[in-house]
Every structure is written in structure tokens, then in C-alpha cells.
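To start, the structure itself, in C-alpha cells.
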Amino acid sequence: MAKRFMLLATGGTIASVAGENGLKPGMGAKQLLSNVTLPPDVIIDYKDVFSLDSSNIQPEEWRVLAGEVYEALKTHDGVLITHGTDTMAYTAAALSYMLPEMGKPVVLTGSQLPIGHLLSDAPINFSEALAVLSCAPCGVYVVFNHKVIPGTRAVKMRTTAFKAFHSVNGPLAGYIDSDGVHMEKNLPRRNPPGSELMDSIDPHVFLLKLIPGTSPEVFDFLAQAGYKGLVLEAFGMGGLHYIRRNLVDKLQSLGDHGIITLVTSQCMFEKADFTHYEVGSNVLSQTVFSGGDMTTEAAVTKLMWVLGDMENRKQYLTKNIRGEMSE
Ligand code: ASP
């Protein structure tokens, strides 16, 4: 039987056309479909959800998109989302947490050049995304330049190259070559926290990358501005300075203001480990948690999602639920 997929278009370079002030989204789902060769054995329904450069896609848009995906998965075999590349990894991670297990895949793709450009990577990314939808297990993936990347491990690493996305701190979920789609057999364990859409989210999360000499006073601003969460990219395995400028004490006092901190490493690869060095040993507490080997995108969106329903989701902050952290 033919598979039935839903295409949700959101804008991005893939759908962009030249405007007076540079590229901007100008094509909808129907036009995207008319620019690609479709497999004979699939039926594709489509909907224009947004027409945005992904720099304008924020937590409010993730909620709308999650609702659209959730509804579409009830009646379709999978969902394809076309999306700008700049914040695609954030959206993929956010959707990973918001969507329950529905036994079907969700794939995000986009391109570095508009679909109408002669050298565009859009047609191949689009075709590969459809091919992955036909055979991938339940989950959210980014499909880009022959790679299938778990939604919570995707990072945009390059601004212009076609090979823009990597799977950071976790294996690819699969790849595509001339033999077809090869999906990894042992994908990281997923621990579904619920069977309903879990789309409540609190955008009051701040991301700070430490530099040698960061003043503890910058953190005072967070409480004043109403932030509820902080992702702190610390040094190496998770070190913070405490001589002259005591960041460790400051993080604890943020907790007294009700702010939850997730400490990750500013190294792109591998984990934060607070047991290894003395400078990291007093960091963790009842309000300061280790982000392990989560990517920035996975950590920021997870903290927003946890803060969206603290009572029920706090338990998941330091647990792997969608392949976002190694166990
Ligand atoms: N600025 C674009 C966007 O993220 C970049 C792209 O799609 O490649 O919407």
C-alpha cells in the first residue's frame, strides 16, 4: 500500500527567493513539491505552517509545529518538515521532547541554496528525506547531505558547505548512498515520558558561554529579567573559576532565586564530568545539574521543556529520554 506523508513547510533558504534586501522565504509547500521528483509509491499531503527564515522560529513556533505534527501523525505514515538550517537543530531537539512516541518518523530537512538555484542541494535533501521517512523507526531526525541525524544530536557546524550538519556526541541514525538508506540498527534508547503531546514550554532560558574572567555580576541580571533557567557552557569537563570571581557561589545563589542551571562543556565534543577536577567538584547541587554530553541545542530546549512543567518533568533533566545524553 502506498505510504501517505504530510509535508509541513516553514520557510528557510530551501523556500527562499531573491528579495530587495536579500533572500527571503517566498515559496510554499506546493511550489517546493513541483521542484522535486517524487517517488511513485507515496501520497503527499501538504500544508504551509509558516513562511519564516528560521532565525525567526522561536519556542512559540515550536509549539505550533509540534501540534501540527502530532495531528498529522494520527492520519499519516510520517511527517516531513522543510525548515531553515540556522535553527533547525533547535527545532528538531524541541520536537523530540514535545512529541510522544507515535510509532512513526518525523524528518526535518532544508538546504544551503534555494530550491530554484541551479546548484541547489534542496532536491537531493528533499528526496533523501522522503526515502528516510519510508523506512525510519519512530523518532525525530534531521536528514541533510546524505546523513540521518538524531534530532537531539544535530548541530549546524558550517555556514555555507553542503555538509552543514553533524551528529555530535552520538552516532548517525543512518546514511544514504547509492544502495539506498542504511539505518543504524542500535539507535540510542528512548524512554518515552508520555503518550500525549507535551508541548508546554518556558522560553525563559539563558545561554552563557564562560570566558576567563566572566564576572559573577552578570548572573544578577538573570533573576531581575525573569529568567528561570540557565545553560552554562563551562570550561573543559565543567570547570568554573572561583578565585577572585566566585562563579560557584553565584550559581548556588541563582538557585535561591528559583533559577535552575544546567552546566555543559563549551568543548563541542564529549562530556562534562564534575568528579574529575577540583574546580568542578563543588558545582552541582539541588539547583545546578550536569548537562553531561548534551549539545547546546539539546540542553537549551530540554531546559525550556522541563521548565514548561517542572512538577512532572524535573525528573527528566538529568536522564536520557530522547537520545540526547549518553547513559
Ligand atoms: N537563514 C536561513 C534559515 O535558517 C538559512 C538556511 O535555511 O539555510 O532560514
Side-chain angles (χ1 to χ4, degrees), residues 1-16 25-52 54 57 61-62 64-85 88 91-92 95-96 98-111 114-116 120-151 173-183 187 195-197 199:
M1 212 172 71
K3 293 222 176 199
R4 187 173 205 113
F5 299 133
M6 174 61 96
L7 165 64
L8 300 175
T10 72
T13 293
I14 190 167
S16 283
M27 283 189 194
K30 193 174 180 184
Q31 277 168 294
L32 289 177
L33 284 169
S34 69
N35 274 279
V36 291
T37 312
L38 297 172
D41 54 341
V42 299
I43 300 162
I44 303 179
D45 299 314
Y46 57 86
K47 183 167 180 180
D48 294 312
V49 184
F50 312 117
S51 183
L52 293 172
S54 74
I57 291 190
E61 281 72 30
W62 302 336
V64 173
L65 200 49
E68 293 287 350
V69 173
Y70 182 66
E71 287 308 314
L73 284 179
K74 291 178 183 169
T75 49
H76 292 74
D77 298 307
V79 172
L80 172 58
I81 301 169
T82 50
H83 194 288
T85 60
M88 188 187 293
T91 302
L95 292 180
S96 302
M98 289 172 157
L99 293 167
E101 302 284 275
M102 293 173 82
K104 297 165 183 176
V106 177
V107 168
L108 291 98
T109 197
S111 61
I115 203 160
S120 180
D121 50 336
I124 187 68
N125 287 345
F126 198 101
S127 302
E128 291 187 347
L130 281 179
V132 171
L133 268 189
S134 298
C135 64
C138 176
V140 177
Y141 308 94
V142 168
V143 172
F144 211 90
N145 192 242
H146 321 309
K147 288 181 185 161
V148 187
I149 304 171
Y175 62 94
I176 303 111
D177 66 13
S178 57
D179 282 334
V181 179
H182 307 266
M183 290 302 294
L187 291 172
S195 56
E196 297 298 318
L197 183 63
D199 64 342

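Treat the numbers as computed from the prediction; the structure is a model and nothing was measured. FYI, the numbering just counts along the sequence from 1.
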Please check if the side chain of Asn125 supplies one atom and the backbone of Asn145 the other of a donor-acceptor pair under 3.5 Å. yes
If you define the side chain from C-beta out and look only at heavy atoms, does anything of Val143 sit under 4.5 Å from Ile176? yes
Scan Val79, Leu130, Ile43 and name whichever one has a side chain to side chain contact (heavy atoms under 4.5 Å, CB included) with Phe5. Leu130
Compare all side-chain heavy atoms of Met88 with those of Thr85 and state whether any distance is below 4.5 angstrom. yes
If you round to the nearest 0.5 Å, how far is CD of Glu128 from NZ of Lys147? 12.0 Å
Distance in Å, Ser120 OG paired with Asn35 CG, rounded so as to fall on 0.5 Å steps: 9.0 Å
Evaluate the side-chain proximity of Leu80 to Tyr46: yes if any heavy-atom separation is below 4.5 Å, no if none is. no
d(Tyr70 OH, Glu196 CD) to nearest 0.5 Å is 4.0 Å
Determine whether the aromatic ring centres of residues Tyr175 and His182 are separated by less than 6.0 angstrom. yes
May I ask you to test the Leu197-Leu99 pair for a side-chain heavy-atom distance under 4.5 Å? yes
Would you mind reporting whether Asp77 and Leu133 have side-chain heavy atoms less than 4.5 Å apart? no
Backbone of Phe144 reached by a side-chain donor or acceptor of Thr109 within 3.5 Å: no
Could you report the tightest heavy-atom contact between Pro137 and Met183, atom names first, then the distance? CD-CE, 3.9 Å
Side-chain contact test, heavy atoms from C-beta onward, threshold under 4.5 Å: evaluate it for Arg4 versus Asp45 and give yes or no. yes
Between Ser134 and Val42, the two heavy atoms sitting closest are OG-CG1, 4.5 Å
As an exercise, state the distance from CD of Glu68 to CG of Leu8, rounded to the nearest 0.5 Å. 6.0 Å
So which heavy atom on Ala92 is nearest to which on Val142, and how close? CB-CG2, 3.8 Å
Please report the C-alpha distance between His146 and Ile124 in whole Å, then the side-chain angles of each, then the deciding distance to 0.1 Å, and finally whether the side chain to side chain contact (heavy atoms under 4.5 Å, CB included) criterion is met. CA-CA 9 Å; His146 321 309; Ile124 187 68; 4.2 Å; yes
Validation row: Val148, Tyr141 side chains within 4.5 angstrom (heavy atoms): yes
In Å and rounded to the nearest 0.5 Å, what is the CE to CH2 distance from Met98 to Trp62? 7.5 Å
Would Val36 and Ile115 count as a side chain to side chain contact (heavy atoms under 4.5 Å, CB included) here? Give the steps. CA-CA 9 Å; Val36 291; Ile115 203 160; 3.9 Å; yes
Shortest non-hydrogen contact from Pro114 to Ser16? CB-O, 3.3 Å
Thr91 vs Ser54 side-chain heavy atoms within contact, under 4.5 Å: no
Is it true that a side-chain atom of Thr82 and a backbone atom of Gly110 form a donor plus acceptor pair closer than 3.5 Å? no
Give the C-alpha distance, both sets of side-chain angles, the deciding distance and a yes or no for side chain to side chain contact (heavy atoms under 4.5 Å, CB included) between Ile57 and Leu65. CA-CA 10 Å; Ile57 291 190; Leu65 200 49; 5.8 Å; no
Spacing of CD belonging to Glu71 relative to CE belonging to Met6, to within rounding of 0.5 Å: 10.0 Å
Taking all non-hydrogen atoms of both residues, which atom of Pro105 and which atom of Ala136 are closest, and how far apart? CG-O, 3.5 Å
Side chain of Lys104, backbone of His76: donor and acceptor closer than 3.5 Å? yes
Here the pair of heavy atoms bringing Asp121 nearest to Ser111 is OD1-CB, 3.2 Å
